[in-house]
Amino acid sequence: MNFKQHQERIKTYIENNLPVVLTSAGLDNFDAYIDDFIDLDKYTKSKQLFYNFNYYNFDNLSNESNTEDFEFSVLLVFRKGNQASLKDNMLNYASAFYKMFEDSGKNLEGIADYGIIQTVNFYPFAEGYDQVKIAELTVHLYTERD
């Protein structure tokens with residue numbers, strides 16, 4: 001299993017397909033897609049998407065195949081606006097990500113066999129930052145491997 005390649009495929013899919021859904025919804029693309037720890041002091045653009053690749057879990061199906069359960073999250077971070085517009089962005093961009101995932105066949109067009117957006121959490125504030133809104137979407141991807 002090439003973990004780096006797998007994660008790069010997911011990032012490439014999102015970065016190529018999410019802007020199309022955003023445009024069709026009348027939304028601007030993210031200012032940055034970041035594969036790093038969420039650091040609100042270091043990363044200060046208005047609209048940012050952070051990747052959090054959580055874990056892989058493997059289980060044997062037989063001597064010849066196994067299953068892979070992979071969890072990752074995206075954190076959609078919004079700042080530099082009034083409370084109402086930041087909240088609208090948080091909700092609208094989370095909806096666009098959800099639509100992109102559903103439109104992919106729930107598998108990011110074959111990156112996995114199937115998947116689900118397991119949870120969506122909305123954070124109307126970040127500690128120490130009263131002008132930041134964050135949406136976190138947690139995705140589970142399941143694949144049978146030979």
Side-chain angles (χ1 to χ4, degrees), residues 1-25 27-80 86-146:
M1 175 79 187
N2 186 327
F3 299 108
K4 180 174 174 28
Q5 182 181 41
H6 189 244
Q7 292 175 9
E8 290 298 323
R9 286 181 65 207
I10 291 168
K11 291 188 319 188
T12 298
Y13 182 85
I14 292 169
E15 292 169 29
N16 288 339
N17 291 279
L18 184 55
V20 174
V21 177
L22 293 171
T23 298
S24 70
L27 301 169
D28 294 330
N29 195 9
F30 284 93
D31 298 320
Y33 291 83
I34 303 162
D35 186 4
D36 197 3
F37 180 76
I38 186 169
D39 183 339
L40 298 176
D41 291 326
K42 179 178 179 182
Y43 300 106
T44 60
K45 294 185 177 179
S46 297
K47 295 180 296 297
Q48 302 170 109
L49 182 148
F50 287 84
Y51 297 100
N52 183 20
F53 295 106
N54 298 335
Y55 71 82
Y56 291 84
N57 186 26
F58 300 97
D59 197 9
N60 288 326
L61 291 175
S62 70
N63 289 338
E64 297 177 5
S65 66
N66 65 8
T67 60
E68 168 197 312
D69 170 13
F70 175 56
E71 179 186 280
F72 74 96
S73 300
V74 292
L75 293 104
L76 315 178
V77 178
F78 305 95
R79 61 187 334 157
K80 298 181 183 172
L86 290 172
K87 182 177 180 183
D88 286 348
N89 278 345
M90 177 180 66
L91 297 170
N92 291 331
Y93 280 75
S95 295
F97 186 92
Y98 190 92
K99 179 173 178 21
M100 178 214 60
F101 184 79
E102 292 289 310
D103 290 351
S104 79
K106 299 181 183 180
N107 63 6
L108 303 178
E109 291 186 4
I111 291 176
D113 291 341
Y114 66 96
I116 186 169
I117 293 181
Q118 190 76 39
T119 58
V120 180
N121 292 306
F122 297 108
Y123 303 99
F125 59 87
E127 189 172 338
Y129 299 89
D130 59 351
Q131 295 295 315
V132 173
K133 307 280 187 214
I134 301 172
E136 178 183 25
L137 294 93
T138 302
V139 179
H140 280 260
L141 299 177
Y142 305 92
T143 304
E144 182 177 338
R145 303 234 184 251
D146 296 333

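In this structure, CD1 on Ile134 lies 9.5 Å from CG on Leu76, to the nearest 0.5 angstrom. Here the CG-CD1 distance, from Leu49 to Ile34, works out to 8.5 Å after rounding to the nearest 0.5 Å. With rounding to the nearest 0.5 angstrom, the CD1 atom of Ile111 is 11.5 Å from the CD atom of Gln7. Residue Tyr93 holds its OH atom at 4.5 Å from CG of Leu27, rounded to the nearest 0.5 Å. Remark: Met100 CE to Leu137 CG distance equals 9.0 Å, nearest 0.5 Å. The line from CG of Asp113 to CG of Asn107 is 8.0 Å long, rounded to the nearest 0.5 Å.
For residues 67-79, the set of pairs meeting the salt bridge (charged side-chain N to carboxylate O under 4.0 Å, His left out) definition, not counting sequence neighbours, comprises Glu68-Arg145. Within the structure, salt bridge (charged side-chain N to carboxylate O under 4.0 Å, His left out) contacts touching residues 6-23 (residues at least two apart or in different chains) are Lys4-Glu8, Glu8-Lys11, Lys11-Asp35. Evaluation of the ring-ring contact (aromatic ring centres under 6.0 Å, His included) test over residues 94-114, restricted to residues two or more places apart or in two chains, returns Tyr114-Tyr142. Residue pairs meeting the salt bridge (charged side-chain N to carboxylate O under 4.0 Å, His left out) criterion with at least one partner in residues 96-108, sequence neighbours excluded, are Lys99-Asp103, Glu102-Lys106.
In terms of the side-chain contact (heavy atoms from CB on, under 4.5 Å) criterion, residue partners of Ser73 (sequence neighbours excluded) are, by chain and number, Asn52, Asn54, Glu136, Thr138. Take Tyr43 and apply the ring pair (Phe, Tyr, Trp, His ring centres under 6.0 Å) test, not counting sequence neighbours, and it matches Phe50. Looking at residues two or more places apart in sequence or on another chain, you find no ring pair (Phe, Tyr, Trp, His ring centres under 6.0 Å) involving Phe37. For the salt bridge (Lys or Arg N to Asp or Glu O under 4.0 Å) test, no residue two or more places apart in sequence or in another chain qualifies with Asp39. Under the rule for a side chain to side chain donor-acceptor pair (under 3.5 Å), Asn2 has no partner lying at least two apart in sequence or in another chain. A search for side-chain contact (heavy atoms from CB on, under 4.5 Å) contacts involving Ser46 returns Asp31, Lys80, not counting sequence neighbours. Taking Tyr33 as the reference, Phe30 meet the ring pair (Phe, Tyr, Trp, His ring centres under 6.0 Å) condition, with sequence neighbours excluded.
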Pair up each side-chain donor or acceptor in residues 17-24 with any protein partner under 3.5 Å, not counting sequence neighbours, and list the distances.
unit_1: Asn17; atom_1: ND2; unit_2: Tyr13; atom_2: O; d: 2.8
unit_1: Thr23; atom_1: OG1; unit_2: Pro19; atom_2: O; d: 2.9
unit_1: Ser24; atom_1: OG; unit_2: Val21; atom_2: O; d: 2.9

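Lys133 places a side-chain N or O within donor-acceptor distance of the main-chain N or O of Pro124, the cut-off being under 3.5 Å.
Exactly one residue among Tyr55, Tyr56, Phe70 makes a ring-ring contact (aromatic ring centres under 6.0 Å, His included) with Phe3. That residue is Tyr56.
Put simply, the side chain of Ile14 reaches to within 4.5 Å of the side chain of Phe72, judged on heavy atoms.
When all heavy atoms of Ala32 and Lys45 are compared, the pair lying nearest together is CB-CD, 4.2 Å.
When the shell of 6.0 Å around CZ of Phe125 is examined, it contains 12 or fewer heavy atoms from other residues, nucleotides or ligands.
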Could you go step by step and tell me if Ile10 and Val139 meet the side chain to side chain contact (heavy atoms under 4.5 Å, CB included) rule?
CA-CA 11 Å; Ile10 291 168; Val139 179; over 6 Å; no
